[in-house]
Amino acid sequence: MSATQWLTFVPVAPGLEAALADEVESLVPGVKLKRRAGGVEFRVDLPGLMTVARRSRIAESVRVRVARFEARDFRTLEAGLDRVPWDAYVRRGTEPVIRVRARRSKLIHSDAIAERVGRALERRGPGPGGPAPTVHVRLEKDRVQVSIEAADELLHRRGWRGEGGQAPLRENLAAACLALSGWEPVAPLWDPFCGSGTLILEGLARRAPGLLAESQERQIQRWPIFDAETWDGLELERCEPPEGGALLGTDRDGEAVARANGNASRAGVAEAARFEVAPLAQAEQRVPQGAAVVTNTPYGKRLAGGKDLRRAFHDLGRLLAHRTDLGPVVALVGHDRFERDTRLKWNTVVQFPNRGTRVRLVRLNR
Ligand SMILES: C[S@@+](CC[C@H](N)C(=O)[O-])C[C@H]1O[C@@H](n2cnc3c(N)ncnc32)[C@H](O)[C@@H]1O
């Protein structure tokens, strides 16, 4: 039994804390969470921490707080840094990335603080070296907080995305939208603005866990106390792929669809996900009976095409009014006129920032 509990913080876009909290609670049953603005905080043992670092699809990163003390001068800072149990997290002889953020404190010079952290690590003596997790030091009103990454800030990268593409949705945001959509993964799923296929591929990961080949290292694997046996036990079993066409993405842009197919191939699911070129006005017959609809509508400066966009929303509204078998239907929207142009009633589920735009996840009210 592992008695040590790690104070863990998992950040997410503000607005998505509840979706993340539900996911962490399902990954670590019985965990007691505190929702913070922009994340959730909880204490968890090493297997639980590994589970969140390895399995969360909504998290942006995972960090543990390993020390907290006050320091108004460098001597006190150095003494505090010498008390951090570094050997558990950072192998001797390695040089981790050190990120410092200091505000409203006597010690404010980030480079000088980072240098003290480097020296504290060196004082431990030589060692085998190798990759190290990122170390974060935060000073706020003279209180120092030292955190170590268990999963890094690029956790949304699943390892299958190719280059290019217009405004792809971050995979962890796609995972949050799917979690909030009410889609039962046994049902078919359709994304009418699929772009590079993010929502459909995340949907596949939800429908058939372990099916996607994903190869991203987590920083916790660099910790000296990392336990490979527990980690290997967290490997997801490959489920049967759903029948072809059950998860369908359509888009009017042939290049976007080619990118989606490339991503599906790299993820090893070229057979299980279907992507087709179809403008909304011609998509209807392709959509499986009873499919849920989860989509990221065009928005933002590059995609806001005036009339063109209004027509797309209008076509979506017409299709949904006609196909009453489809549902639940949720859309990520960045334009106020979405509701008006679709001529349907929608309720806002959550709002959050995405690439500098305030977006809303709305659910069709049938
Ligand atoms: C915000 S992007 C979707 C991004 C996607 N979620 C991803 O992660 O790559 C919107 C997509 O809508 C498509 N689109 C715009 N108008 C359309 C229409 N009338 N019919 C079908 N697709 C359309 C664009 O080609 C673009 O790929």
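For ligands, and for the atoms within them, numbers begin at 1 and follow the listed sequence. For reference, positions follow the sequence shown, starting with 1. Since we're looking at a predicted model, the values are computed, not measured.
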Verify the distance criterion only: is there a donor paired with an acceptor across the side chains of Arg161 and Ser196 at less than 3.5 Å? yes
When you compare the side chains of Thr76 and Asp73, does any donor N or O come within less than 3.5 Å of an acceptor on the partner? yes
Atoms in ligand 1 with a heavy atom of [X] nearer than 4.0 Å:
X	answer
Ser196	7 (C), 8 (O), 9 (O)
Leu280	20 (N), 21 (C)
Gly195	5 (C), 9 (O), 27 (O)
Thr198	7 (C), 8 (O), 9 (O)
Asp253	25 (O)
Pro279	20 (N), 21 (C)
Pro168	7 (C), 8 (O), 9 (O)

salt_bridge(Glu235, Arg54) N-O dist < 4.0 Å: yes
Are Arg252 and Asp308 close enough for a salt bridge, meaning some N to O gap below 4.0 Å? yes
For Glu70, all residues meeting salt bridge (Lys or Arg N to Asp or Glu O under 4.0 Å), sequence neighbours excluded: Arg72, Arg143
Would you say Val362 and Val330 make side-chain contact, with heavy atoms under 4.5 Å? no
So between Thr250, Asp191, Asp251, whose heavy atom ends up nearest atom 13 (C) of ligand 1? Asp251
Within the 4.0 Å heavy-atom cut-off, what Cys194 brings close to ligand 1 is backbone
Would one find an N or O of Leu169, backbone or side chain, under 3.5 Å from an N or O of ligand 1? yes
Look at the side chain of Arg355 and the backbone N and O of Pro168, then say whether any donor-acceptor pair between them is shorter than 3.5 Å. yes
For Thr297 and ligand 1, answer yes if some heavy atom of the residue is under 4.0 Å from a ligand atom, otherwise no. yes
Using residues 184-191 as the side-chain source, report each donor-acceptor pair under 3.5 Å to any protein atom, sequence neighbours left out, with the distance given to one decimal.
unit_1, atom_1, unit_2, atom_2, d
Trp190, NE1, Thr250, OG1, 3.0
Asp191, OD1, Phe193, N, 3.0
Asp191, OD1, Thr295, OG1, 2.6

